[in-house]
2 protein chains.
Amino acid sequence: MKILLIEDDPVHRSFLKEMVTSAMPECQQLWEATQGAEGEQLAREHHIASVVMDLQMPQKTGIEAAKVIWRERPETAILFWSNYADEAYVRGISRIVPHDAAYGYILKTASEEHLQLALRSLFIEQQCVIDREVRGVQQQAQDRHFGLNDLEYEVLQDIALGLTDRMIAQRRNLSLRSVQNRLQQLYEKLHVHEHDHEQTANQMFNLRTRAVHIAMLRKLLNSTALQQAEVELAKWRQQRQAAALNAAPPIHK
Amino acid sequence: MKILLIEDDPVHRSFLKEMVTSAMPECQQLWEATQGAEGEQLAREHHIASVVMDLQMPQKTGIEAAKVIWRERPETAILFWSNYADEAYVRGISRIVPHDAAYGYILKTASEEHLQLALRSLFIEQQCVIDREVRGVQQQAQDRHFGLNDLEYEVLQDIALGLTDRMIAQRRNLSLRSVQNRLQQLYEKLHVHEHDHEQTANQMFNLRTRAVHIAMLRKLLNSTALQQAEVELAKWRQQRQAAALNAAPPIHK
DNA sequence: GTGCTTTTTGCGGGAACCCGCAGCTTTTTT
DNA sequence: AAAAAAGCTGCGGGTTCCCGCAAAAAGCAC
């Protein structure tokens, strides 16, 4: 039995190592990686079936690393060990987990027993182990009236990136008006208008930026999610520009 | 000699304790607090002159706790031990440190020797110890052309909160146009216009939200800074409303 | 004081945003 | 198949935002 740890913080890494060796005596080989790319590499080379990783890492996010690992070996069991239960992370993970894979999500605040139990359940019984708190977020996100659906979440990201309505329309293949509709729904669900009705015609908030801010407070967005969204935006911009060049007839005039 | 540790994460706390006891044998009493308020309390009761604290904590930020402690006993030496060197934190600290107090800022990624040396220098020699990286941020923040000055930083926060131009003007006692001037400078410094000049009249970005996003990427803002800004905004709203009520003549009609 | 820079303010207009209304298409329900 | 729900689209207009231009106002040298 082989296990791989991916964790950048040395303090946490040594703690993790301690936990794993004591909870899993049947583990014969234990690898450690200090960042995502290195972890992918090790998993690939040694055909590792059990991974524990941190979600927050510089360079390559845990989510990105997990995506790569699962693409190559979808049966890998991955335990995410994270500081936060932000909706951005939870969403990110549910988006990439293969539907027959076993995985777990444990908060770093969990007790040692809890962590060790999770390790055994997941790696030996192949049973999913999701922290209570995370479950809560997962469900809340699916609530029809409280949570945002994928489309709303998409525009939320887009405006958080700073895109214009017109650009969003272009990117998502929609009309301008449709984008604005989505935005209205978003504003509705985030209760952007709270306390704002005060007598005066004075609007207190710019809805667009206020929505982003509220989303940050509610942990619907976080900075790593935005960083990732930014690189996807860059990709899109690139291919759009390429398409524009091809479409444009050779200019002679 | 008495030392107080304020750190919420148990793993880091035990590590810190280890470091302190080995680096400071002259330390006779060592207190530990798991959150800001508790730390303030202990510092007050026991007249502690040397504190080590984490910056990122739930409930009460390290910065808020430090503010309180320094207000009561400005000669206290405080070592901030933090995961990040975000400009938001650095700014926050320089804003509150008494001008004759000794303090330090060490990143959690620093080596054990580094940390121990810092502890001795600060608590025994009363000498400020600032991490290289943090220094870098500090200087960059003061650069006339790259960094934001306080006024620009202020509007940045305000738009990040989602305020309207008009509201910002009201809050900061400025004319509408002045606010917009500040915003223009801000956009300039953040290079919001990059690559945007492409031939078409199509603006790619909404400058306001784009600026916020870029600021997040550059760590000029972070979520805890915004949370704090939000409560200050709430305060202002409250007193503004109170003022409005007093100003309004008793309505009879 | 006179000059100089920096900051603040007003005016005006083009663009973007927010959104009610109404018609159209697609999906879901019955 | 008919009805209902949900989503997409265009139109129009009220508001806010972004910013160039230019004139006061404040700060700072000499």
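Reckoned from all heavy atoms, side chains included, excluding hydrogens, waters and symmetry mates. Note on naming: letters A, B, ... go to the chains in the order of the sequence lines (proteins, then strands), and numbering restarts at 1 for each one.
Both Gln180(A) and Gln180(B) lie near DNA chain C, and the one whose nearest nucleotide falls closer to the 5' end is Gln180(B). Comparing Asn206(B) and Ser178(B) by the nucleotide of DNA chain C that holds the closest heavy atom to each, the one mapping nearer the 5' end is Ser178(B). Residues Thr164(B) and Asn173(A) both approach DNA chain D. Their nearest nucleotides, taken by heavy-atom distance, put Asn173(A) toward the 5′ side.
Among the nucleotides dT9(C), dC18(D), dT9(D), the one closest to any side-chain atom of Asn181(B) is dT9(C). When each of dC19(C), dA16(C), dC19(D) is scored by its nearest atom to the side-chain atoms of Leu207(B), the top-ranked nucleotide is dC19(D). Distances from the side chain of Ser175(B) to the nucleotides dT16(D), dG20(C), dG10(C) place dG10(C) closest.
Across the protein-nucleic acid pair, Ile168(B) atom CD1 and dT16(D) atom C1' stand 12 Å apart, rounded to whole Å. Atom CG in Leu174(A) sits about 15 Å away from atom P in dT26(C), given to the nearest Å. Put simply, CG on Leu176(B) is 9 Å from C1' on dC17(D), counting in whole angstrom units. Counting to the nearest Å, the P atom of dA16(C) and the CD1 atom of Ile159(A) are 17 Å from each other. Summarising the geometry, the separation between CZ on Arg182(A) and C1' on dT9(D) is reported as 12 Å, rounded to the nearest angstrom. Taking atom CD on Gln185(B) and atom C1' on dT6(C), their separation rounds to 10 Å, with Å as the unit. Taking atom CG of Leu183(B) as the reference point, atom P of dT8(C) lies 13 Å away to the nearest angstrom. Taking atom NE2 on His193(A) and atom C1' on dC17(C), their separation rounds to 13 Å, with Å as the unit.
Salt-bridge annotation for Arg91(A) and Asp86(A): absent, with no side-chain N of the basic residue lying under 4.0 Å from a carboxylate O of the acidic one. Look at Lys60(B) and Glu40(B) and you find a salt bridge, because one of the NZ, NE, NH1 or NH2 atoms lies within 4.0 Å of a carboxylate O, short of that distance.
Applying the 4.0 Å criterion to OP1 and OP2 of dG20(C), one finds that Gln184(A) has a side-chain N or O inside that range.
Counting non-hydrogen atoms of neighbouring residues, nucleotides and ligands closer than 6.0 angstrom, the CD atom of Gln126(B) exceeds 12 such neighbours. Residue Gln35(B) qualifies as enclosed at atom CD: its count of foreign heavy atoms under 6.0 Å is above 12.
Although no hydrogens or angles enter the test, the distance criterion places no donor-acceptor pair under 3.5 Å between the side chain of Thr164(A) and the main chain of Arg166(A).
Looking at heavy-atom distances under 4.0 Å, Arg172(A) makes no contact with the nucleic acid at all.
Judged by distance alone, with hydrogens and angles left aside, Arg177(A) brings a side-chain donor or acceptor within reach of the base of dG20(C), the pair sitting under 3.5 Å.
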